[in-house]
2 protein chains.
Amino acid sequence: MTMPSHPAPRRGVERRGLRDHVYELILELLLSGEVEPGARLAIDTIARQLDVSPTPVREALVHLERTGLVTREALKGYRVAPPLGSEELAELFEARLVLETAAARLATPAGPDLVAQLGEAQQRHREAGERVVEALDAGRVDLALTTEYFAADTDFHAVVFRACGNRYLVGMSESLGAQLHRMRQSALRGVTDVHEAVAEHAAVADAFRGLGELTPEQAMERHIVGVRTRSLAQAGRG
Amino acid sequence: MTMPSHPAPRRGVERRGLRDHVYELILELLLSGEVEPGARLAIDTIARQLDVSPTPVREALVHLERTGLVTREALKGYRVAPPLGSEELAELFEARLVLETAAARLATPAGPDLVAQLGEAQQRHREAGERVVEALDAGRVDLALTTEYFAADTDFHAVVFRACGNRYLVGMSESLGAQLHRMRQSALRGVTDVHEAVAEHAAVADAFRGLGELTPEQAMERHIVGVRTRSLAQAGRG
DNA sequence: ACTGCGGCGATCCTATAGGAAAGTGGATCG
DNA sequence: CGATCCACTTTCCTATAGGATCGCCGCAGT
């Protein structure tokens, strides 16, 4: 039953840092929402599916364990993390409020680069939002468009974080970003606050340009609070 | 040269969750400062030293990689993370200021439990500080006392974080804690601000009790700013 | 009929072996 | 004498095999 004949010509992945590649694949699998929370993540199974040995899979899972996307029970294996409860949701928004306002405050005053990048990110977010609304008016919920919209939103906030010049805050933001993405999976049936979100992003961008009466921190605070309010309201209706 | 006769009676560790045990051992090794930054962390060398196979060592290193305590270069191996530069130091204090003030704000108003725990933590910190000063006056720098003092300080802040009721902020604090510990290793030659730190902790505790004119957030802000100022001044003198 | 228990399958966990890439030293040629 | 090339060593990286553990199903006993 030993078949050592195969020299394993690496057909699944092309010989470029296996562990990181496996990590990205599993991460993509998790973020795509194709696996339900609580589902088992068998090491050997994944290894066979990706045509690699269990070792890099194991390392990738260890990596993912620290992100909170998967949970590990000793001698029982890995599982997809359970969905966020109401308490975790509230804490997530609270933490995000702290980080985002701090990043906006530290990125003030904005230089020309930040203004430019913010404008581009805002425009992409607005256009993606228009396409989502357009599809929504046509009666269909396009998953690809929704994903693109969320990505544009994430990019907008990432611009602010990069501009704040603090690598630790950036890291924390990315750490929360995974949880945020997980939350969005739960309420992916449709985006209902495109108009408000786009308007609030515009307010943030304007504040960074020196327009309006609000500081960037205040504008960002209103945005995050608005997102929280609308999300909780939608969750309550669901 | 192969000695497979031994059934490997697990002499180094006693058969209880190898990977986590290895992780704690390496973490302790790193935090103890016995290894210099930039030093190589050879996988099989560590495996032989701990009398385990390379696999759990590898997993522990992956775990540590996400904490920022070790760095990995593809196909080159792991190394102890280089010491924090001045920019990283400034960003670390900035991030800590954000987190600590937010935690203090969220923990306000304080319940009886928080007041009690804070009082105990403050007392331990003060006593540890007194012992450090006492030893310092005697002309010796006791490493154990200094470590205990730092641990008491960390505990004091951990009380506030646990009381803020936000698991994500707690996680971020712990993440920064590793970097903070690393920074303290660099300036471990002596603690010079015991008096100020104890006084500021007392001010924070008093603010949580409703005494004084400052809010807990303001008191915590003054404390962190004070720590930053004194640390940078000491680094400048060094 | 219900509960305790022992075998069985699946999976995780650890160990060992072999192939590949990077660093190092010496030898050779200009 | 210096630079370059080559071979060697070390180490990482991946693959495979074996031991240990957990959950489950059937069975006996009360």
Set of side-chain contact (heavy atoms from CB on, under 4.5 Å) partners for A:R228, sequence neighbours left out: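 So A:R228 forms a side-chain contact (heavy atoms from CB on, under 4.5 Å) with A:F93, A:E94, A:L97, A:V225, A:L232.
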[X] [atom1] to [N] [atom2], straight-line distance once rounded to whole Å:
X     : N      : atom1 : atom2 : result
A:I43 : D:dA20 : CD1   : P     : 19 Å
B:L18 : D:dG19 : CG    : P     : 17 Å
A:R19 : C:dA20 : CZ    : P     : 20 Å
A:D51 : D:dA15 : CG    : P     : 8 Å

From C:dT16, D:dA15, D:dT14, nucleotide with atom closest to A:V52 side chain: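 Among the listed nucleotides, the one closest to the side chain of A:V52 is D:dA15.
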Kindly list each side-chain donor-acceptor pair under 3.5 angstrom involving residues 74-82 of chain A, sequence neighbours excluded, with atom names and distances?
| unit_1 | atom_1 | unit_2 | atom_2 | d |
| --- | --- | --- | --- | --- |
| A:Y78 | OH | B:R19 | NH2 | 2.6 |
| A:R79 | NH1 | A:G38 | O | 2.7 |

Nearest-nucleotide comparison on DNA chain D, the residue closer to the 5′ end among B:T55 and B:D44: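 Final value for this comparison: B:D44.
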Considering residues at least two apart in sequence or located in another chain, which fulfil the side-chain hydrogen bond (donor to acceptor under 3.5 Å, both in side chains) criterion with [X]?
X      : answer
B:E127 : B:Q123
B:E88  : A:R167
B:R72  : A:D20
B:R105 : B:E217

Pairs satisfying salt bridge (charged side-chain N to carboxylate O under 4.0 Å, His left out), at least one member in residues 141-159 of chain A, at least two apart: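 Qualifying pairs: A:R131-A:E148, A:D153-A:R184.
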Sequence neighbours excluded - salt bridge (charged side-chain N to carboxylate O under 4.0 Å, His left out) pairs with any residue from residues 156-165 of chain B: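 For residues 156-165 of chain B: none.
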Short side-chain N/O contact from A:R58 to OP1 or OP2 of C:dT11, under 4.0 Å: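 Answer no for this pair, as no side-chain N or O of A:R58 is under 4.0 Å from OP1 or OP2.
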Phosphate contact (C:dT14 OP1 or OP2) by B:S53 side-chain N/O below 4.0 Å: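 For B:S53, the contact criterion (side-chain N or O under 4.0 Å from OP1 or OP2 of C:dT14) is not met.
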Taking every non-hydrogen atom, the tightest pair across B:I43 and B:V57: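 That closest heavy-atom pairing would be O-CG1, 3.9 Å.
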Pairs where residues 26-57 of chain A contributes a residue and the test ring pair (Phe, Tyr, Trp, His ring centres under 6.0 Å) is met, not counting sequence neighbours: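 Listed once each, the pairs would be none.
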Strictly under 3.5 Å: I want the nitrogen or oxygen pairs between protein and nucleotides 22-24 of chain D, one per line.
none

Tabulate protein N/O versus nucleotide N/O from nucleotides 5-7 of chain C, keeping only pairs under 3.5 Å, one per line.
none

A:H223 vs A:H157, side chain to side chain donor-acceptor pair (under 3.5 Å): CA-CA, chis, key distance, verdict: CA-CA 11 Å; A:H223 173 42; A:H157 290 275; 3.2 Å; yes
Of residues 34-41 of chain B, the positions that come close to DNA chain D - non-hydrogen atoms, cut-off under 4.0 Å: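 DNA chain D contact set from residues 34-41 of chain B: B:R40, B:L41.
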